[in-house]
Visitor: 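Dropping the structure in here first, questions after.
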Amino acid sequence: MEKEELLSHVTAMIVSSAKVPKHMAFSPVKMADLYGVQAIEVEKGLDELVDEGKLRREQLQDYPHYTVYLLP
């Protein structure tokens with residue numbers, strides 16, 4: 001899966017979020033369906049983007065404790 005395409009899609013989702021601060025929780029399985037790839041590829045791409053500093057990953061403190069992604 002192309003990392004820049006994934007970053008573009010995730011960035012658009014975060015920017016369009018109405019939450020404050022802007023963040024987005026999403027399912028790698030649903031994204032994999034969108035792109036026609038395996039969910040592990042999406043997760044690997046997200047991990048690489050976080051490692052490169054292009055995204056931040058945090059755990060919500062309140063229930064349901066989703067893992068969310070934010071722009072740096």
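Keep in mind it's a predicted model, so treat the numbers as computed, not measured. Count residues from 1 along the sequence. Computed from heavy atoms alone, side chains included, the values below leave out hydrogens, waters and symmetry copies.
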Visitor: Quick one: list whatever passes salt bridge (Lys or Arg N to Asp or Glu O under 4.0 Å) with Glu4, sequence neighbours left out.
Guide: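 Salt bridge (Lys or Arg N to Asp or Glu O under 4.0 Å) check on Glu4 returns Lys54.
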
Visitor: What's the separation between atom CD1 in Ile14 and atom CE in Met24, rounded to the nearest 0.5 Å?
Guide: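 That separation rounds to 7.5 Å.
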
Visitor: Output a table of donor-acceptor pairs, distance under 3.5 Å, between side-chain atoms of residues 41-52 and any protein atom two or more places apart or on a different chain; print 'none' if there are none.
Guide:
from  : atom 1 : to    : atom 2 : distance (Å)
Asp47 : OD1    : Arg57 : NH1    : 2.9
Asp47 : OD1    : Arg57 : NH2    : 3.0
Glu52 : OE2    : Lys3  : NZ     : 2.4

Visitor: When Ile, Leu, Val, Met, Phe, Trp and Tyr are grouped by side-chain heavy atoms lying under 4.5 Å apart, directly or through other members, which residues fall in the same group as Ile40?
Guide: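 Joined to Ile40, directly or through intermediates: none.
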
Visitor: Who pairs with Tyr66 by ring-ring contact (aromatic ring centres under 6.0 Å, His included), at least two apart in sequence or on another chain?
Guide: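 Once residues adjacent in sequence are excluded, Tyr66 has no partner under the ring-ring contact (aromatic ring centres under 6.0 Å, His included) criterion.
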
Visitor: Please identify each residue that fulfils side chain to side chain donor-acceptor pair (under 3.5 Å) with Thr11, with sequence neighbours left out.
Guide: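 By the side chain to side chain donor-acceptor pair (under 3.5 Å) rule, Thr11 matches no residue at all.
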
Visitor: May I have all residue pairs that pass salt bridge (Lys or Arg N to Asp or Glu O under 4.0 Å) and include part of residues 15-33, sequence neighbours excluded?
Guide: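 Salt bridge (Lys or Arg N to Asp or Glu O under 4.0 Å) check on residues 15-33 returns no pairs.
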
Visitor: Please report the C-alpha distance between Val10 and Leu55 in whole Å, then the side-chain angles of each, then the deciding distance to 0.1 Å, and finally whether the side-chain contact (heavy atoms from CB on, under 4.5 Å) criterion is met.
Guide: CA-CA 9 Å; Val10 172; Leu55 289 175; 3.9 Å; yes

Visitor: With side-chain contact (heavy atoms from CB on, under 4.5 Å) as the criterion, how do Val15 and Leu71 come out once you've worked through the C-alpha distance, each side chain's angles and the decisive distance to 0.1 Å?
Guide: CA-CA 9 Å; Val15 168; Leu71 296 175; 4.0 Å; yes

Visitor: Using the test side chain to side chain donor-acceptor pair (under 3.5 Å), find all partners of Glu2 that sit at least two apart in sequence or belong to another chain.
Guide: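 Side chain to side chain donor-acceptor pair (under 3.5 Å) list for Glu2, sorted by chain: empty.
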
Visitor: Considering non-hydrogen atoms only, spot the tightest contact between Gly53 and Pro72 and give its length.
Guide: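 Looking at all heavy atoms of both residues, the closest pair is O-CG, 3.3 Å.
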
Visitor: Show me the pairs that pass ring-ring contact (aromatic ring centres under 6.0 Å, His included) and involve residues 20-56, at least two apart or across chains.
Guide: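 Every pair satisfying ring-ring contact (aromatic ring centres under 6.0 Å, His included) with a residue in residues 20-56: His9-Tyr35, Phe26-Tyr69.
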
Visitor: Give every residue pair that meets the salt bridge (Lys or Arg N to Asp or Glu O under 4.0 Å) criterion with at least one member in residues 58-72, sequence neighbours excluded.
Guide: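 Counting only pairs at least two positions apart or across chains, the salt bridge (Lys or Arg N to Asp or Glu O under 4.0 Å) contacts touching residues 58-72 are Arg56-Glu58.
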
Visitor: Does one hydrophobic cluster hold both Met13 and Leu7, with members joined at side-chain heavy-atom distances below 4.5 Å?
Guide: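 Linked, Met13 and Leu7 end up in one cluster.
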
Visitor: Once side-chain contact (heavy atoms from CB on, under 4.5 Å) is applied, do any residues pair with Ala39, and if so which ones, sequence neighbours excluded?
Guide: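 If we apply the side-chain contact (heavy atoms from CB on, under 4.5 Å) test to Ala39, skipping adjacent residues, the hits are Val29, Ala32.
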
